[in-house]
Amino acid sequence: MDDEIQPFADGRPAAPPYPAEAREAARDRLLAEAAGRRRTRFRFGSGSGRPGGRFGVPRLGWQAAGAFGVTVAVVGGVVLALPSRPAPVAVPGAIATASPQATAADSVAVAPPVDGAELHPRAGQFLLVESETMYTAETMGKTERARYLYRTKRQIWQAADGNAGGLLRIEGLPPKQIPGWPLPQEAQQWESGEWHEISGHCPGQSDDFRTDYVHLSTLPADEAGMREHLYTGSPTKNPADDAAFTAVGDLVRENYLPRAQRQALFEAAKTIPGVEVAERVKDSAGREGIALGRNERGTLTQLIFDPETYMFLGERGTVVDAKAAEAPAGTVLALTAQLKVSVVDELPKVSGAGKDGSCDMRQQEPTPPPDSPDQNGDGALPTPTPTRTRTPQSTDGDTGRPTAPPPRPEPLTNGDAGVTTWAVPSD
Amino acid sequence: MVSAQALLDGSTLDDSTVIARSLEQPELFAVVFDRHADEMFRYAARRLGAEPAEDVVAEVFLVAFRHRGRYDRTRPDARPWLYGITTNVASQHRRAERRRIDVMARIGADRPGSFDDRSVERVTAQQLQPRLARALSTLSSRERDLLLLVAWTDLSYEDVAEALRIPTGTVRSRLHRVRVKLRRTLGAIDPFTLETQHG
């Protein structure tokens, strides 16, 4: 940079210090937003769009066969959901566990695996869940905020035991407009496909993060137990009922649970305050199911299940409060279908898949906070505390305060210390 | 849920990793704030003054948080992204910026060469030299966004391109146009001004 621009660099005004109160207030606002939007929010409300790895904003998709007339074939103990079309079970590179000459066991268009046709993936195998999704995207244009509905096809391979990493394939579909919101330019750039690696269960990480089949199989198989499970995972600042309902969606979305857990989950979800049951609600593939819905910030969020098998079919988000949802009442802001779930032996061979660094963070040695050499405040990262917060084993008697390294509920706001400690309390 | 410190245990984690993790653990986004809020504040304050900058920074991180799902995970450093958002949010304060620039430009014009050194320092410490302010006022807001990212931050042209979401080639060509404009204004003023010239 020389010439005409150099004087501007040299003459750069001095910056006033960032007032501590303002900084703290800004940080608090951010954390309040973070707490309020835990998970659900980035599915329905805000941004998302380009899901990276398993964190892809909307983790949608799901399971279920059916959409296009899927049949379930049982071979050698392994059940594969097979599309009625001549399409292969898995994408090229993946090897189906069994030959497709299996016995067709089911063809209920609505219901994926039915009784007797459950999937029984073994350790080392992968569950492939295919889905189509539509969620709200929010973008910042040059000056204006834009919102639209972005749509994708997703295929996610997860190791049945969670030990190995998996893959996520996302393909764009043409976007849709939200009434009153013009489609932004970037919405037109939907034609792309991406591969993302997804990490398996990270060593040392709490089981709470696991969504693999083996782990899900260990969840309570009765309503009361499942209900407790839904509530014990509640994050700090969210109302417990909101969090419990969110947990339901997180458990079924792009995962496969054994039938007992599916049913328990369905029954437990029905008991969450605010949940409304609706019959004959359609997913994006047109399949009807029974929906458990809840009003989330002006949008009725419905999780749709097959009434016979309790398989998750998809979800639907419909505006009920135009003001809160910033769209006319009745507008559908989310619509998905989990089209098929199958078991495969191998991951497809792909190159250039995006990395998932989730486990890297955990494997790194804890680094002491650097002495922030400047005002950038690079430092002050939390020290590692592998606290499993869901079930506080060691608590300090009546205070309920964990005795071990002191993660506290409020941590969200101790900005002045520059230390970020978030513990999620148990109750 | 796992506590954040169990998830984030070192400052060696790059922004991209933190942001990716914040999709599941939203509170982790505070780390991004802790790392970059001061820098964004400084940039916003230089452009708009301290008070508007406070609002801008608060807004920037909310916007960033809401859009974290779109963060390009191949970018380990979130600053270009944040500068881009800061630029966008600051653009909502264009009128304030314009006023500020005008004021800074007038200070020199009103009292050409007649102020004592101390007042010069006081005036200029947190302000742009009048002649530069005048030159700045001849640029379009888009050109100003570009020039100030290049001049006032340590972003590379590639980073600036990313921040403004334009191709690097466009950064260069626009910058060329900016130079031509500045040469005209600065060049014309220079010989006749008594203002001190830095650099």
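Order of the sequence lines sets the chain letters (A, B, ...), proteins ahead of strands, with each chain counted from 1.
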Chemist: Side chains of B:Leu148 and A:Arg12: does their closest heavy-atom pair fall under 4.5 Å?
Modeler: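 They are not in contact (no side-chain heavy atoms under 4.5 Å apart), so the answer is no.
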Chemist: Could you give the distance from CG (A:Leu31) to CD (B:Glu27), rounded to the nearest 0.5 Å?
Modeler: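 The CD atom of B:Glu27 is 7.0 Å from CG of A:Leu31, to the nearest 0.5 Å.
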Chemist: Taking all heavy atoms of A:Leu30 and all of B:Phe61, pick out the closest pair and write down the distance.
Modeler: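 Taking A:Leu30 first and B:Phe61 second, the nearest heavy atoms are CD1-O, 3.5 Å.
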Chemist: Are any of the side-chain heavy atoms of A:Phe8 and B:Leu182 separated by less than 4.5 Å?
Modeler: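 A:Phe8 reaches B:Leu182 side chain to side chain.
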Chemist: Could you work out, with side chain to side chain contact (heavy atoms under 4.5 Å, CB included) as the rule, every residue matching B:Pro52, not counting sequence neighbours?
Modeler: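 Residues passing side chain to side chain contact (heavy atoms under 4.5 Å, CB included) with B:Pro52: B:Leu48, B:His93.
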Chemist: Using a 4.5 Å cut-off on heavy atoms from C-beta on, say whether the side chain of B:Phe41 contacts that of A:Pro17.
Modeler: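 Side-chain contact under 4.5 Å: no.
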Chemist: If you measure from CZ on B:Arg70 to OH on A:Tyr150, what distance do you get to the nearest 0.5 Å?
Modeler: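 Output value for this atom pair is 7.5 Å.
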Chemist: Can you find a pair of side-chain heavy atoms, one from A:Arg23 and one from B:Phe33, that are under 4.5 Å apart?
Modeler: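 Counting from C-beta outward, A:Arg23 and B:Phe33 do come under 4.5 Å.
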Chemist: Is any side-chain heavy atom of A:Pro13 closer than 4.5 Å to one of B:Arg47?
Modeler: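 SC-SC contact between B:Arg47 and A:Pro13 ruled out.
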Chemist: Considering the options B:Arg183, B:Lys181, B:Arg184, which one meets the side chain to side chain contact (heavy atoms under 4.5 Å, CB included) requirement together with A:Glu4?
Modeler: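 The single option meeting the side chain to side chain contact (heavy atoms under 4.5 Å, CB included) with A:Glu4 is B:Arg183.
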Chemist: Counting heavy-atom pairs closer than 4.5 Å to chain A, which one of B:Leu147, B:Val178, B:Val180 comes out on top?
Modeler: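 Looking at each of B:Leu147, B:Val178, B:Val180 in turn, B:Leu147 comes out on top.
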Chemist: Which residues pass the ring-ring contact (aromatic ring centres under 6.0 Å, His included) test with B:Tyr43, sequence neighbours left out?
Modeler: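 By the ring-ring contact (aromatic ring centres under 6.0 Å, His included) rule, B:Tyr43 matches B:Tyr83.
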Chemist: For the residue pair B:Leu132 and A:Pro7, what are the closest heavy atoms and their distance?
Modeler: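 Taking every non-hydrogen atom into account, CD1-O, 3.4 Å.
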